[in-house]
Each structure stands twice: as C-alpha cells, then as structure tokens.
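Before any comments, here is the structure.
Below, read A as the first sequence line, B as the second, and so on, with proteins coming before strands; counting in each chain starts at 1. Quick caveat, the model's predicted, so the values are computed rather than measured.
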There are 2 protein chains.
Amino acid sequence: MAATSKDVARLAGVSQPTVSRALRGHPSVAPETRRRVEEAARALDYVASERGRVLSLRKTHRIGIVVSDLTNPFYPHLLAPLHDYFKQAGFRTVLFTEQDEDGPTIEELADGSLDGIVLTTSLVDSPLPAALMHRDIPFVFLNRESDATADSAVVDNVYGAALVGDLLVELGHHRIGAVFGPRAASTGRDRETGFRRSLSKHGRSLADELAVSVPFSFSHGRAALGTLLARSEPPTALFCGNDVIALGVLDGAVELGVRIPEDLTVVGFDDITIASWAHIGLTTVHCDLDRLARTAGDLLLKRIADPDREHVRSIQRPHLVLRRSHARLQLPSSPSKKEH
Amino acid sequence: MAATSKDVARLAGVSQPTVSRALRGHPSVAPETRRRVEEAARALDYVASERGRVLSLRKTHRIGIVVSDLTNPFYPHLLAPLHDYFKQAGFRTVLFTEQDEDGPTIEELADGSLDGIVLTTSLVDSPLPAALMHRDIPFVFLNRESDATADSAVVDNVYGAALVGDLLVELGHHRIGAVFGPRAASTGRDRETGFRRSLSKHGRSLADELAVSVPFSFSHGRAALGTLLARSEPPTALFCGNDVIALGVLDGAVELGVRIPEDLTVVGFDDITIASWAHIGLTTVHCDLDRLARTAGDLLLKRIADPDREHVRSIQRPHLVLRRSHARLQLPSSPSKKEH
DNA sequence: CGTGGATCTGAATACGTATGTATCAGAGCA
DNA sequence: TGCTCTGATACATACGTATTCAGATCCACG
C-alpha cells in the first residue's frame, strides 16, 4: 500500500540502495542524484519503513518500561521524565504493566522488539531480572533494589525512612505507628528497615499491633488507618511507606473525623506533586524523581551502547519536606504547640 | 546473538519453515516432529524474533497513543484502560506526547511501526488527523471532536456543561464565573458552548470579566482563581473546564483563604479519581472514562480489521455528581443553607 | 505391482531496508 | 594509447520470519 524504497527508486531511475543512501545523507551520492531521489520520495509520500529498517539494523530504538499500575498516581512521576528522556535520545517508549503475577512474560521482553528495559516495579522475587540477565538484554532498575550485577538508580530509602523516625521521636511521639509498603518490594522493605532502625537508635520500638504492611495504594492506606485506629492504644503518629498510602490515610482521616495534625501526625515518602497541594500539605521525604528517572534512562542507554561496561548503582539521598501533616505530640496536660 | 529459527532447525534436524510451523501450532506438522522442534527451541531459549515476524506479516500489533502531557493527572484515566484493553487484545502500547507544537511528526506515525493510533489530544487545528487519513492509517479520536470521516469516542460535553449551568442557576448564583479550557480543544470549546447556552436559557449571561480560557492544567487553574477574585465584583460560583483546572482553583482557594463552598462554589468536569477524595469532594460532571477509553480501543481495532467500515461516533452522556464544593448562594441577609 | 491420494516436509520466496562488494565511466598521467 | 585511480552507482546479500508451492514418502486400493 504505502510506497517503498523500490517505488522511489523506479520513479527516480536509480537502484533501491541508492534511494536508501540518498535519503540517509550518505556522502557518496551525487548531488543531482540526491535531488532526483528526494523529489521522487516527496512525490510518493515516501517514509522509510521502520519494519524493514529494524530488521536490517538489528536495533529497534524502542525501550520497554514496566510499571505496576498506571492508575497509581506515583508512576506518572517516573513515566513522564523517562518518556521525555528517551524521546530526545531518539527512542520510543513501550508500556508494560505488571500487576500481581500478571506481568509481561520474559518471552514478550526477549522477542527482539526492545533495545532495553526499565524495571520500576519488580518485586524482590521477580524472575524477570535474572531472565533478562541470562539473555543479555540491557535493563535498569529504577527505584528498586538490585544486586551488584545490574544497573540501578535508587533513593537511599533506609536513610530517608530514618529521617522520618528521627522526626517523629523529636516531636515527642511515643505511640508511633507505620503503614509500610509490601516487604516483597525493596522500597517497602528498606523503608521499614530504616524506620525501625531509627526508632531503635532512640531507644524506641514499633509496637507490633501498630505496624502493618500493605500494597502501595490509596485504598489500602485508607483501610489501614481504620485498622490502626481501632487498636486499644491508637498511634499519635504514622509513617507511611509512600505518599500514595499517606494520601489514603489522610482521606480516611477526613472520613473518620480525625484531625491532621492535631490528632495524628502523618508522614509520607516520595514527595509526589499532590503532596504539595495546599489541601494536602503532606510532610514527606522528598525524592527527586525526575532526576532519578533520567539517571536510569542514562544508565540504560549507556549499557545498550556498551554491554560490557561496569555496572553502576546510582544512589540519591532524599531529604525531609516539612509541611502541615505533622505536629509535636500534644500532651493532655499542656496546651497544644503545633510545629512546622 | 540470540538463537534464530534456523538454529532451532539445525538442532532439530528439520528445515526453518518447519520450525515456524511447529511452534505456531500449524496442523500439518507431525507430532513427533513438533516434539523435536519444541525440545530444540527450549534447549536454545528460542523466542521468535518480533522483528522478523513483523516484517513478514506486515502487522506490528502495536498501537500508538498520543497524549498531551503525562504529568497531567487526567491522562492516566485514559491511558490505563487503553493499555489494558489493547493488551488483552494482543496489542502493545507505544507512548507519544504532544505538548505545544512539539508532538510526533506524521513521519513518526506513518513509518509502518504502528497498526493504529489513538489521538487523545489533538487540537482542532492539528494537521495530524488529516495526514493520517490521507495515508490510510487507522486512528480514532478519544475525548476529542471529529468530523464525520473519522471514528471517535466522546462525551456529550455540551450537554454536561449545560447541567452545570442549570445547577448554578438553580442554586441561586448570579455572579457566575468560568475558567474554561482552551478554545483550540474541542472539549474546551464545547463545554464553553454548553455552559453559555444553559445560562442564556435561564436568562443569564456570563460577564466577560468573569470568564477566562486557560490550558487544562493545575497551575493555570490556580492562577485563574486569583485573576477572577481580583475583579471588582468577584464570582460566587465557578465552572471549571475540567477537574484538573478545578483542583488548581481549590488549591488557590486554600491559599487565599476562600472557603469552599461557603464563599465560592466550584464545579469541575470529568470526575477523575482525585475529585472523589474526601479532602477534595469536588462536585463535577461524571464521565465514564474507562468505558470511553475501551470504546475508543474497540473502534480502533475494528477499523484495523476492516478499513472500509462505516465511521462511528460514539457519544456518552455524562451526569452530575454532587459532592461538597457547591452550595446555595448565601444571601447576606439570610442564614446559610448548604445543599448536598 | 502400479497408481492415486493423503500426509508431511523442504525449497523458494516475500516482507523492506541497509551495506559490503563489484562494476563502470571518466579523469589523470605516463 | 593504455594504465591506474577515483567517484558514483548497481548488484548481491543479510536481517528472521511466514507462506506458497512443489516434492517426497507411505499407504491403500485396484
């Protein structure tokens, strides 16, 4: 249906290879020939077939991005900068979702349709990374832990979560609770580790009944708040595994009539855009997700260019952003003193 | 590097075509042969190259989705169901962004790398649709107006916006303002039309100084509120071109100390998830974006299967969702009477 | 024992591009 | 005039799969 380089060749009175060379700016094409070819191409609305080019060049200039759930407001913060980075580098973005056991198969990723892959979502026991490694398919972990034999761009989650622990202790809280992310995700696990470690350092600990692990989702955060507030001694401060969970908690608080921060301090992690909205004012741990994503893109393209280079693990140090969802513990005996 | 069907053929002691047939379940392959081929394929970790298959079959099983801005919280509501729909139908999703004049070129979309395209963002004067039509590339408009010669899945924006007009009048508001979307987008234009038409019907009109048109973004909504409140007679009710604009307005209201809905009624359009959060409680026009997206996907796949079928324009009728951001006009003389 | 048909497999080819190699014309030089 | 060299183009082929068509094998049946 669409014109091919052969059609252009016939019209311009040259051979097919000459068309290819002329349109790609190869120097060994005479100016007059090039002109004729370009004119013929224009006349036929010719666009070189990506299908043919890809087979011939053995490069697709396509990157697969695996996210867990597009409706989760966290992922656009990674997807958007990744897409833009790859676009300006001449690569296209193919989207994959991996929701509970039902992600892309290794065959889908290894069929030669992708030059590289960004894994944003892999659970720690996902078979995908090992399978990709085994087949020498370039990939990078983004916001996920990796062993030494893969590239990765991550936030120092242990450090960031410890900042929150320090903050809550400093604010005078004793009944401290947590809605951690899933242990099967390195972000969930590491943030739990860092938070617990910080409390220990201060001689505190997390009561078992005040700590839960839930998926990184709004609705699970919402539900978790109800669970924790039903304890005999409910928490006065809550660390959430990420901002999306925290937003769920804040939402539940409105429903349950819990005042933030007077009745409950809530702290998140990631600092997604919504956290900074005036309604929300979520105190959280800021990660530069744009930079994190671009770093991952950069690592991946370098790996594609040189499959044998050293593996790099880029770690970003996050910092606290104090907004309005935290407060000093209000002792029943003394007047409140809100801090921020 | 990776094994090809030729390698499998050699190992299994058959020809390459037999490998292709055996692995694709062609009936004319003897069971014993098939077994040998499958064994060889397994031994070599063979996965059929998508590059070769695509060239041979002249189908890519890839769909391009063009959105304007991934960071805009509206787009995930279309992207997620589209992706899922195409995935279950055996198609992959390639992402394109079209932000102010800098979208994908027609060459990028017409290079044979896509079986079809979903346009979610085209401005009314975009050259893309005409170019795609001229090249017989299947595409569908999603949430955007189209002329009769293209498929589209849209919401009845005129009708939906009129519902808001009716509501605001019924609530007794007289100083009614609007933060419309861009006129260059059919959604912006049609919602403005419907809203104005409704006010006219009730014998009202929109004061020029209380109507502005801004891009569909949080920050523009936020800024627009400041502009309108600075008028000599500020509005008591505000229609917003979509929920994202409305969220920006709500955010600005918090900053400016404007109480919603006591001081200002705010109504959005789309009913994205965030609108229903307890913090937000945005009164808005509900569109079933999931269904809209799936409809668009369905239309596109049907068009791909049969390029000559009649063009279909699927129109969905939206309805009001009353939450907490609207109220009856509070006359200075009478006590407030909140409605919802 | 030969023939027709059914069953399976291989050879050839198409898809559309890119590229290495060969060829050809013309120029420069002896 | 004949040789070499250069520049421009054509020829051949590779990329990896799917498919058409022809051929081979085997069996049943006359």
Side-chain angles (χ1 to χ4, degrees), chain A residues 1-38 40-41 44-62 90 107-108 110-115 135 137, chain B residues 1-38 40-41 44-62 90 107-108 110-115 135 137:
Chain A
M1 193 69 212
T4 72
S5 56
K6 240 176 240 170
D7 300 326
V8 177
R10 199 173 313 127
L11 183 59
V14 297
S15 72
Q16 177 270 323
T18 297
V19 171
S20 173
R21 282 192 262 256
L23 296 179
R24 293 168 50 77
H26 194 283
S28 82
V29 175
E32 164 59 15
T33 307
R34 169 160 315 168
R35 204 196 50 72
R36 279 217 320 285
V37 169
E38 282 169 350
L44 296 175
D45 278 335
Y46 171 73
V47 177
S49 159
E50 200 234 25
R51 299 201 288 256
R53 181 176 39 227
V54 152
L55 183 59
S56 183
L57 291 180
R58 286 172 290 279
K59 312 222 156 167
T60 65
H61 282 267
R62 252 176 265 136
E107 285 80 12
E108 285 181 80
D111 65 1
S113 66
L114 303 168
D115 285 350
R135 291 165 186 264
I137 296 174
Chain B
M1 194 68 210
T4 71
S5 57
K6 240 177 239 170
D7 300 325
V8 177
R10 198 172 316 126
L11 183 58
V14 297
S15 71
Q16 177 269 324
T18 298
V19 171
S20 173
R21 279 189 276 252
L23 296 180
R24 293 167 50 75
H26 194 286
S28 84
V29 175
E32 164 58 14
T33 307
R34 168 159 316 166
R35 203 196 50 70
R36 279 217 320 285
V37 169
E38 281 167 352
L44 295 176
D45 278 336
Y46 172 73
V47 176
S49 159
E50 199 235 26
R51 300 200 288 256
R53 179 174 42 224
V54 153
L55 183 60
S56 182
L57 292 179
R58 285 173 290 279
K59 311 221 157 165
T60 65
H61 283 270
R62 251 175 267 138
E107 284 79 13
E108 287 180 79
D111 65 1
S113 65
L114 302 169
D115 285 350
R135 291 166 186 263
I137 296 174

Report the residues that fulfil side chain to side chain contact (heavy atoms under 4.5 Å, CB included) with Leu57(B), sequence neighbours left out, ordered by chain and then residue number.
Arg53(B)

List, with names and distances, any nitrogen or oxygen atoms from the protein found under 3.5 Å away from nitrogen or oxygen atoms belonging to nucleotides 10-16 of chain C.
from, atom 1, to, atom 2, distance (Å)
dG10(C), OP2, Ser15(B), N, 2.9
dG10(C), OP2, Ser15(B), OG, 3.0
dG10(C), OP2, Thr18(B), OG1, 2.9
dG10(C), N7, Arg21(B), NH2, 3.0
dG10(C), O6, Arg21(B), NH1, 3.4
dG10(C), O6, Arg21(B), NH2, 2.8
dC15(C), O4', Arg58(B), NH1, 3.3
dC15(C), O2, Ser56(B), N, 3.4
dG16(C), N2, Gly52(A), O, 3.3

Mind checking what makes side chain to side chain contact (heavy atoms under 4.5 Å, CB included) contact with Leu11(B), not counting sequence neighbours?
Ala40(B), Ala43(B), Leu44(B)

Between the first and last five pairs of the helix from dC1(C)-dG30(D) to dA30(C)-dT1(D), the angle of the axes, rounded to 10 degrees:
70°

Between dG7(D) (C1') and Arg34(A) (CZ): distance, integer Å:
14 Å

Kindly write out the residues that satisfy salt bridge (Lys or Arg N to Asp or Glu O under 4.0 Å) with Asp7(A), not counting sequence neighbours, or none if the list is empty.
Arg10(A)

Short of 4.0 Å, heavy atom to strand atom, which residues of residues 22-33 of chain A count as contacting DNA chain C?
Arg24(A)

Tell me every residue that passes salt bridge (Lys or Arg N to Asp or Glu O under 4.0 Å) with Arg62(B), counting only those two or more places apart in sequence or in another chain.
Glu50(A), Glu50(B)

By side-chain hydrogen bond (donor to acceptor under 3.5 Å, both in side chains), Arg35(B) pairs with (sequence neighbours left out) Glu32(B), Glu39(B)

Taking NZ from Lys59(A) and P from dT19(C), how many angstroms apart are they, rounded to a whole number?
11 Å

So, using side chain to side chain contact (heavy atoms under 4.5 Å, CB included) as the criterion, who are the partners of Ser56(B) when residues are at least two apart?
none

Residues which pass side-chain hydrogen bond (donor to acceptor under 3.5 Å, both in side chains) with Ser20(A), listed by chain and number, not counting sequence neighbours:
none

Which salt bridge (charged side-chain N to carboxylate O under 4.0 Å, His left out) pairs, counting each pair once, include a residue from residues 17-29 of chain B, with sequence neighbours left out?
none

Got a second to check how far Leu55(B)'s CG is from Thr60(B)'s OG1, nearest 0.5 Å?
12.0 Å

Among all residues two or more places apart in sequence or in another chain, which pass the side chain to side chain contact (heavy atoms under 4.5 Å, CB included) test with Val47(A)?
Glu107(B), Asp111(B), Arg135(B)

